[in-house]
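In what follows, a single structure is set out as structure tokens and then discussed.
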Amino acid sequence: MKTAFCPGSFDPPTNGHVDVLRRALDLFDRLVIGVVANPSKAPLFSLEERTALFQEIFPASPVEVIGFDGLLVEVARNLGADVLVKGLREGVDFEYEMAMAHMNRHLSGIETVLLPTSAEHRFISSSLVKEVWRLGGDVSRLVPSVVFNALKEKARA
Ligand code: PNS
């Protein structure tokens, strides 16, 4: 029984995230999506909103959704996670993800699996989705429909 912990800001979840998480489900028995409570930038979606969106996208076991705060490896250890799973898009992600993977292994021994994002999702990031949406662009093909509907409820300011 292998548990993967998949942490991120997910503000908001995108089709790229969902693709990586679905593929991680093929590799591991149990997936815990960890939504960080306080991302570096003030989030558009609250922690409750981000976790609720994932619960709608992945309604059933073996996927669990939690909010978390504090040191990631402590949370992973408490969950009994065997690995961390992150998506990897372009080269810019690489150094950032490698530094975190090394640090997390240094702290805890836990390994990180970096799954390449599918080619059609490589350009999608939560921050670009928010920027395009704020400027009135069409993001309907970049995010799950529940996220698209949730964006409609938000003020663009
Ligand atoms: O989606 P993101 O913004 O790339 O996710 C970043 C995240 C949540 C994985 C990172 O900020 C994190 O691990 N936060 C928890 C605090 C922590 O343990 N920091 C040390 C990481 S080596």
Side-chain angles (χ1 to χ4, degrees), residues 1-90 93 96-97 100-101 104-105 107-130 132-133 138-154:
M1 178 82 179
K2 290 277 183 204
T3 298
F5 185 44
C6 310
S9 306
F10 304 120
D11 183 42
T14 67
N15 287 345
H17 293 134
V18 173
D19 163 61
V20 164
L21 293 164
R22 284 200 206 289
R23 284 164 47 222
L25 259 181
D26 292 337
L27 301 174
F28 301 101
D29 307 296
R30 173 179 169 238
L31 219 64
V32 182
I33 301 173
V35 182
V36 74
N38 298 305
S40 47
K41 285 176 257 168
L44 176 65
F45 289 93
S46 70
L47 176 63
E48 292 69 27
E49 288 171 324
R50 286 175 283 142
T51 49
L53 287 168
F54 267 132
Q55 272 149 359
E56 283 198 61
I57 297 165
F58 293 102
S61 178
V63 180
E64 291 157 47
V65 188
I66 61 163
F68 78 98
D69 217 345
L71 197 60
L72 182 137
V73 290
E74 281 300 321
V75 180
R77 196 179 278 144
N78 292 337
L79 287 166
D82 298 283
V83 293
L84 305 174
V85 171
K86 309 287 285 295
L88 196 64
R89 286 164 311 189
E90 303 292 343
D93 283 348
Y96 174 62
E97 293 297 345
M100 286 199 286
N104 286 328
R105 191 161 67 127
L107 293 171
S108 66
I110 193 164
E111 296 284 4
T112 298
V113 172
L114 296 175
L115 276 185
T117 305
S118 298
E120 67 269 32
H121 297 128
R122 278 172 66 176
F123 64 98
I124 307 176
S125 67
S126 297
S127 45
L128 271 185
V129 163
K130 283 183 288 190
V132 170
W133 166 76
D138 178 12
V139 297
S140 60
R141 287 171 298 152
L142 309 180
V143 294
S145 54
V146 283
V147 173
F148 186 63
N149 290 336
L151 277 168
K152 285 189 207 155
E153 303 296 315
K154 293 275 175 194

Within 6.0 Å of NZ in K154, more than 12 heavy atoms from elsewhere: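 More than 12 within 6.0 Å, yes.
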Residues F58, L31; criterion side-chain contact (heavy atoms from CB on, under 4.5 Å); working and verdict: CA-CA 10 Å; F58 293 102; L31 219 64; 5.7 Å; no
With rounding to the nearest 0.5 angstrom, report the [atom1] to [atom2] distance, [X] to [Y].
X: L53; Y: I33; atom1: CG; atom2: CD1; result: 11.0 Å
X: K86; Y: L114; atom1: NZ; atom2: CG; result: 7.5 Å
X: F5; Y: D82; atom1: CZ; atom2: CG; result: 13.0 Å
X: F123; Y: E90; atom1: CZ; atom2: CD; result: 10.5 Å

Exercise: identify the closest heavy-atom pair between [X] and [Y]:
X: P12; Y: V147; result: CB-CG1, 3.6 Å
X: V18; Y: I57; result: CG2-CG2, 3.9 Å
X: G87; Y: E97; result: O-OE2, 4.3 Å
X: F45; Y: A150; result: CE2-CB, 3.7 Å
X: I124; Y: G16; result: CD1-N, 4.5 Å
X: S125; Y: T14; result: C-CG2, 4.1 Å

Could you go through the side-chain contact (heavy atoms from CB on, under 4.5 Å) check for L21 and V63 one step at a time? CA-CA 9 Å; L21 293 164; V63 180; over 6 Å; no
Below 4.5 Å, heavy atoms only, C-beta onward: do [X] and [Y] meet side chain to side chain?
X: R50; Y: P39; answer: yes
X: V32; Y: C6; answer: no
X: V36; Y: P7; answer: no
X: K41; Y: S127; answer: yes

Could you go through the side-chain contact (heavy atoms from CB on, under 4.5 Å) check for L27 and L115 one step at a time? CA-CA 11 Å; L27 301 174; L115 276 185; 4.0 Å; yes
Just by distance, with hydrogens left out, do S9 and D11 show a side-chain donor and acceptor under 3.5 Å apart?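 No pair is found: no donor N or O on one side chain lies under 3.5 Å from an acceptor on the other.
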Steps toward side-chain contact (heavy atoms from CB on, under 4.5 Å) verdict (W133, L44): CA-CA 12 Å; W133 166 76; L44 176 65; 3.8 Å; yes
Counting only pairs under 3.5 Å, give me each side-chain donor-acceptor contact of residues 64-79, with atom names and distances, residues two or more places apart or in other chains.
unit_1 : atom_1 : unit_2 : atom_2 : d
E64    : OE1    : R30    : NH2    : 3.3
E64    : OE2    : R30    : NE     : 2.8
D69    : OD2    : N38    : ND2    : 3.3
E74    : OE2    : R77    : NH1    : 2.8
N78    : ND2    : E74    : O      : 3.2

Could you check whether any side-chain N or O of T51 sits under 3.5 Å from a backbone N or O of E48, counting only pairs where one atom can act as donor and the other as acceptor?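 Looks like yes, one N/O pair under 3.5 Å.
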Pairs flagged by salt bridge (Lys or Arg N to Asp or Glu O under 4.0 Å) wherever residues 139-152 is involved - sequence neighbours left out: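 Counting only pairs at least two positions apart or across chains, no salt bridge (Lys or Arg N to Asp or Glu O under 4.0 Å) contact touches residues 139-152.
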Under the salt bridge (charged side-chain N to carboxylate O under 4.0 Å, His left out) test, residues paired with D19 that sit two or more places apart: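 So D19 forms a salt bridge (charged side-chain N to carboxylate O under 4.0 Å, His left out) with R23.
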